[in-house]
Amino acid sequence: MQRHKHLKNLFIFLVFLFLYLPIITLIVFSFNTSPLNILFEGFTLEWYGKLFSNTTLLDALKNTIIVSVVSTAVSTFIGTLAAIGLQKYNFIGKNFINKLLYVPVVIPEIVLGISLLSVYTLLKLNLGLGTLIVSHIAFSIPFVIISVRTVINSTNLQIEEAAHDLGANDFKTLTNVIIPEIMPGIISGATLAFTLSLDDVIISYFTAGPGSNTLPLQIYAMIKTGITPDVNALTTLMILVIMTVLIISSLIQVRKMKKEYVR
Amino acid sequence: MKKVMVKLDNVKKDYEGKKIIKGISLDIYEGEFLTLLGPSGCGKTTLLRTISGLEKVSSGKIYIDGEDVTDVIPRKREVNTIFQNFALFSHMTVEKNIGFGLKMKKVPKSEIKTRVKEVIELIQMEGFEDRKPTQLSGGQQQRVALARGIVNKPKVLLLDEPLSSLDMKLRKQMQVELKRIQKKMGITFIYVTHDQDEALSMSDRVAIINNGVIEQIDTPRKLYDAPKTKFVADFIGESNQFNAVVVSTQNDEATIKLEIDLEIKVKNNHYDVGEKLTVIIRPEQFRLAREKDITNCFVVKTKEHIYSGSFTKVLGKVGKKEIEFIIYNDDDYTKNEEVKLKFSSDDIVILEENNEE
Ligand SMILES: Nc1ncnc2c1ncn2[C@@H]1O[C@H](COP(=O)(O)OP(=O)(O)OP(=O)(O)O)[C@@H](O)[C@H]1O
Ligand SMILES: [Mg+2]
C-alpha cells in the first residue's frame, strides 16, 4: 500500500515536472545576465528594461490587447445569443447547424487561416486590425456557443415559463432570468475565447496586416534569429497575464461557491 | 350565489392532431379549492397550462373573473402557477425569488419589501431570506415556490402536483399548510394531483378527469358515496363492480341478477326488465351475515387476509369473481374458508351502464 502511494506521488511529480520545467526554465533565463540560454550567470532586469523601450513590442502588445478584448466581447455576445436561440427555436436544419458548430473547432487552424485570408482577398479588404478582429471573433464563436450550451442543457428550462407567468416580458426574462442563470457558461466561454485569442499565431499570421502585429506574431518573428533573453522576458510577462486572468476567474468561482454553500 | 372566478367553456386542445383535451366545461368559484384528479397522461397539466396561458387552446373559451382571456398572453393574466419542479431562479436569493413578480409589475421597492416579508412569515421561513434555492431542502423550496406565487395576490393560483416530490411526512405537513394558507389568503386554488387521498382531504370539489374529459365533478364525499361512472367508482377508493341485469320489477323494488348468478333485491329506479346495470359495492359495505339472513347474501371463499390495524382486508372469490371486503377486528369473526356476507341495498350504488355494452 505504502509503496503504491509513493509511486503515485512520484508519477504526479514527474508529470508536473514535464509540464512546468520548460516554463520555469524560461522564467529563470529571463533574469539571466548572459544573452545565451545555456548557463545562468547572474541576475538582471536588463531585458525587461529593454522590453519596455522597444516600441515595436509595445505596439504589438497594444494590438494584442485590443484584438483579444474586442473579439472576446463580441464573440461572447454573439455566441451566447446564438446558443440561446439554438436551444429555444426549432427550425429546419437546426440539427445540421448544431453539428456544423464543431467543424471550426476540429479543422486545422491553418485551413481556417487560409480560408479567411482568401475571403478577405476576394472582398478586397485591406489586412489590418479589422480583419484580425473579425477572424478572432469567427474562430471564438463556436467555443462560446458550445460552452454556453452545456450550461443551458443542464438548467431547468421551465424558469422561462415561470418568468413569463410572473409578469416578465421577453426582454426582462432574458436579462433578468436566463442570462444570470447561464452566467457560469458565459464566463467560461469568454475565458476560453480570451485565451485562444491571446496566444493565437496561425490564424493571425494569415489575417494580420503590416501595422497589426500581435505579440505572439512578434515573438515568432523574433525567434527566427534565435531565442534572445528579451523574448524570455516577454513570454514571462505573457504567462503572468494569463495566470492573473485564470486566478481572477477561479477566484470568482470559488467565492460564488462559498457564498452558495456556506450556511 | 357564489361568484364564478374561472370559467372554461368547451375547451379543447390537440397536439399534432391528437386530441388531448376533448371539450371541458367547468365553473370554478371564488375562493374555492378545486382539484383536478386523474391518471397519468389524462391531460391535467395541459388543462392547467391552458388556464395560465402557457398553452393555447385549440378551441373553446376561457374566462377569468368574467373577462375573456382566451387570447391573452400569460403575463397579462392574473394567474400564477406553481410548477411541479418549482422552477425557482437558482441565481436569486429566496427574497429576490419571491419578489420577482412584484418587481416585474413595477411595485415600489419599499412595498415589495414589506409584502415579501409578510409571505415569508406566512410560509414560516424567516431567516432564510438570503439563501439560494440550492441551499434549501425540498420542502423549503416548495414553500418558496408557493410564496413566489401568492405574494402577487393572483386571482387564481394553479398548482401542478406541487407536493409530488416530497416524502410522505412532509407531504402531509405541507397539505395542512397549503390549506391554511389558501383559507387565509382567500385565493382560488386549482390543484393538480394524481394522489386521491390528497385530493379528497384538501379539496372543496374534485374534478375527475379521464382521457381528456371530466367524468364527474363533485365534493369528495359525493364522489365516494355516489360515483356517476364506473371509472370514478374505481378511481376513488376500492370497489367491487358487478355486471347485472334486471329480472323483475315490483312497485318500489326490483330483482336483479348479478353476473355471479346471484339474485338480489334493490330499490326500483324506473328499471325495465332486461335492462343492464352495474352494481358497485364498497368493501366496507359488506357485513357478516347471520344464519337467518336470506336476501342479498354472498357466500365467499376467502383467499387472503391482510391485517391493517383496526380492520382486516379480506380477498376472496364468489364463483369466479374476485371480491374484496373488510372485517373490523372487533367483529365476531374467525378466519374461515367460507364466509357469508350481506349488504344493505340502501348503501350500494347502481349505474345504468354495463361492461357488456
Ligand atoms: N407538447 C406536447 N406535444 C405533444 N403531446 C403532448 C405535449 N404535452 C403533452 N402531450 C400529451 O398530452 C397528454 C396529456 O399530458 P399531460 O401532461 O396533460 O398529462 P397529465 O395528466 O398532467 O399527466 P401526469 O399526471 O403524468 O403529469 C399526454 O399523452 C402527453 O403525451
Ligand atoms: Mg402533469
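Side-chain atoms are counted along with the backbone in the values below, which use heavy atoms only and exclude waters and symmetry mates. In what follows, every chain begins at residue 1, and chains take the letters A, B, ... in the order their sequences are listed. Keep in mind the model is a prediction, meaning the values are calculated, not measured.
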Can you tell if the side chain of Gln158(A) reaches within under 4.5 Å of the side chain of Gln84(B), non-hydrogen atoms only?
no
Would you say that Leu166(A) contacts Arg75(B) through its side chain, given a criterion of any heavy-atom pair below 4.5 Å between the two side chains?
no
Atom [atom1] in [X], atom [atom2] in [Y]: separation rounded to 0.5 Å?
X	Y	atom1	atom2	value
His164(A)	Arg77(B)	NE2	CZ	13.5 Å
Ile159(A)	Ser90(B)	CD1	OG	6.5 Å
Thr173(A)	Met104(B)	OG1	CE	7.5 Å

Quick check on [X] against chain A: is it the side chain, the backbone, both or neither that has a heavy atom closer than 4.5 Å?
X	result
Asn85(B)	both
Lys76(B)	neither
Lys96(B)	neither
Ile73(B)	neither

Crowded around [X] [atom1]? As in, over 12 foreign heavy atoms under 6.0 Å?
X	atom1	value
Tyr63(B)	OH	yes
Tyr205(A)	OH	no
Lys56(B)	NZ	no
Ile12(A)	CD1	yes
Lys94(A)	NZ	yes
Lys7(B)	NZ	no
Phe91(A)	CZ	yes

Could you report the tightest heavy-atom contact between Glu161(A) and Phe83(B), atom names first, then the distance?
OE1-CE2, 3.9 Å
For the side chain of His91(B) and the backbone of Ile182(A), is there at least one donor-acceptor N/O pair under 3.5 Å apart?
no
Chain B contacts, top residue of Leu157(A), Asp165(A), Val177(A), Asn169(A) (heavy-atom pairs, under 4.5 Å):
Asp165(A)
